[in-house]
Amino acid sequence: MTDSDEQVWAEPPTAGDETSTLLGSLERQRAIVAWKCGGLDAAGLRATAAASSITLGGLLKHLALVEDDYFSRRLLGRELGPPWDTVDWDADPDWEWRSAAEDTPEQLQTLWQEAVARSRSAVGEALADGGLDRLATGVTDAQGRAPSLRRILIDLIEEYARHAGHADLIRESVDGLVGEDPPR
């Protein structure tokens with residue numbers, strides 16, 4: 001995404017049903033991250049703030065993994081595809097964070113956008129097959145209980161909200177961009 005790309009404004013409905021509110025909230029967090037990571041060159045995506053090693057590029061790659069892991073693997077029980085399926089996670093548990101520095105801004109944006117598209121499709125599939133109460137088929141907790149789609153959506157909203165805060169600090173240190181939401 002470049003500065004000239006049209007920003008997509010995402011806002012949960014003011015008085016929507018549960019599904020629309022959860023999906024709207026997740027889309028809002030995705031839009032914030034897209035805005036904070038958009039229009040930067042490789043140096044901007046590799047910048048850090050303070051003592052943290054988090055970069056915006058690493059953040060995009062991490063969130064692409066999280067999207068695929070939660071919606072494809074955990075929710076639908078599918079194997080992870082490229083590039084995740086070739087990583088030795090035991091040897092390099094932070095691979096996505098570390099390897100992002102080797103990727104171009106276009107590769108990182110594409111990886112994240114494609115993961116989001118797969119996630120939207122997976123969520124649509126799950127909503128059609130049980131709604132928010134549909135249980136995951138790829139993961140259970142310590143008591144053997146599978147989380148619902150509702151719980152997985154909440155987990156992703158929390159993940160994005162936490163990382164949107166990181167993105168705020170890093171982006172401001174790169175070029176001074178501040179604000180809570182993308183311009184309308």
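Just the heavy atoms: all of them, side chains too, but no hydrogens, waters or symmetry mates, feed the values below. Model, not experiment: these values are computed from the prediction.
When all heavy atoms of P105 and A42 are compared, the closest pair comes out as CG-N, 3.5 Å. Residue A136 comes nearest to A146 through the heavy atom pair O-CB, 3.3 Å, listed as atom of the first residue, atom of the second, then distance. Shown here for A64 and A115, the closest heavy-atom pair between the two residues is O-CB, 3.5 Å. Across A47 and V174, no two heavy atoms sit closer than the pair CB-CG2, 3.5 Å. Contact between W97 and T55 at its shortest, heavy atoms only, is CZ3-O, 4.3 Å. The two residues I32 and A164 have their closest heavy-atom pair at CG2-CB, 3.9 Å.
If you take CG on L156 and OH on Y70, they are separated by 7.0 Å, rounding to the nearest 0.5 Å. Atom CG of residue L75 and atom CD1 of residue I152 lie 4.5 Å apart, to the nearest 0.5 angstrom. With rounding to the nearest 0.5 angstrom, the OG atom of S148 is 11.0 Å from the CZ atom of R134. E96 CD to L59 CG: the interatomic distance, rounded to the nearest 0.5 Å, is 10.0 Å. To the nearest 0.5 Å, atom CZ of residue R74 and atom CZ of residue R151 are 10.0 Å apart. Taken to the nearest 0.5 Å, the CG atom of L40 stands 8.5 Å off from the CG atom of L177.
Contact check on E67 versus R30 returns a salt bridge, with a Lys/Arg side-chain nitrogen under 4.0 Å from an Asp/Glu carboxylate oxygen. Taking a cutoff of 4.0 Å between a charged side-chain nitrogen and a carboxylate oxygen, D92 and R98 qualify as a salt bridge. We find that E180 and K36 are not joined by a salt bridge, their nearest charged nitrogen and carboxylate oxygen being 4.0 Å or further apart.
Using modelled atom types and a 3.5 Å distance limit, the side chains of Y160 and E27 yield no donor-acceptor pair. A donor atom on one side chain and an acceptor atom on the other are found under 3.5 Å apart for H62 and E159.
In the hydrophobic cluster analysis, where Ile, Leu, Val, Met, Phe, Trp and Tyr join through side-chain heavy atoms closer than 4.5 angstrom, L56 is grouped apart from L169. Residues I154 and V123 are members of one and the same hydrophobic cluster, defined by side-chain heavy-atom contacts under 4.5 angstrom among Ile, Leu, Val, Met, Phe, Trp and Tyr. If you chain together hydrophobic residues whose side chains sit under 4.5 Å apart, V116 and L45 fall into the same group. Residue V139 is not grouped with residue W84 when hydrophobic side chains (ILVMFWY) are merged at heavy-atom distances under 4.5 angstrom, including chains of intermediate members. No path of Ile, Leu, Val, Met, Phe, Trp and Tyr side chains, each step under 4.5 Å between heavy atoms, connects L65 with L63, placing them in separate hydrophobic clusters.
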Practice task
Begin with the C-alpha distance, continue with both residues' side-chain angles, and end with the deciding distance and a verdict on side-chain contact (heavy atoms from CB on, under 4.5 Å) for E18 and R150.
Solution key: CA-CA 9 Å; E18 184 180 15; R150 177 183 294 103; 2.6 Å; yes

Exercise for the section: Please step through side-chain contact (heavy atoms from CB on, under 4.5 Å) for the pair R73 and D68, ending with a clear verdict. Expected result: CA-CA 7 Å; R73 189 186 69 79; D68 281 336; over 6 Å; no

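With L60 as the partner, the side-chain contact (heavy atoms from CB on, under 4.5 Å) test is satisfied by one option alone out of T110, L111, V33: V33.
Looking only at side-chain heavy atoms (C-beta outward), L153 and L132 come within less than 4.5 Å of each other. Residues E125 and L76 form a side-chain contact, since some pair of their non-hydrogen atoms from C-beta on lies under 4.5 Å apart. The shortest side-chain heavy-atom distance between C37 and Q109 falls under the 4.5 Å cut-off. I170 places a side-chain heavy atom less than 4.5 Å from the side chain of I54. By the 4.5 Å heavy-atom criterion applied to side chains, L149 and D133 are not counted as neighbours.
With hydrogens and angles disregarded, a donor-acceptor distance shorter than 3.5 Å links the side chain of T86 to the backbone of P83. With hydrogens and angles ignored, the 3.5 Å screen pairs no side-chain donor or acceptor of R46 with any backbone N or O of D41.
W89 and W95 have perpendicular rings, their planes meeting at more than 60° on a 0 to 90° scale where under 30° would count as parallel.
By the side-chain hydrogen bond (donor to acceptor under 3.5 Å, both in side chains) test, E172 pairs with no residue at all, sequence neighbours left out.
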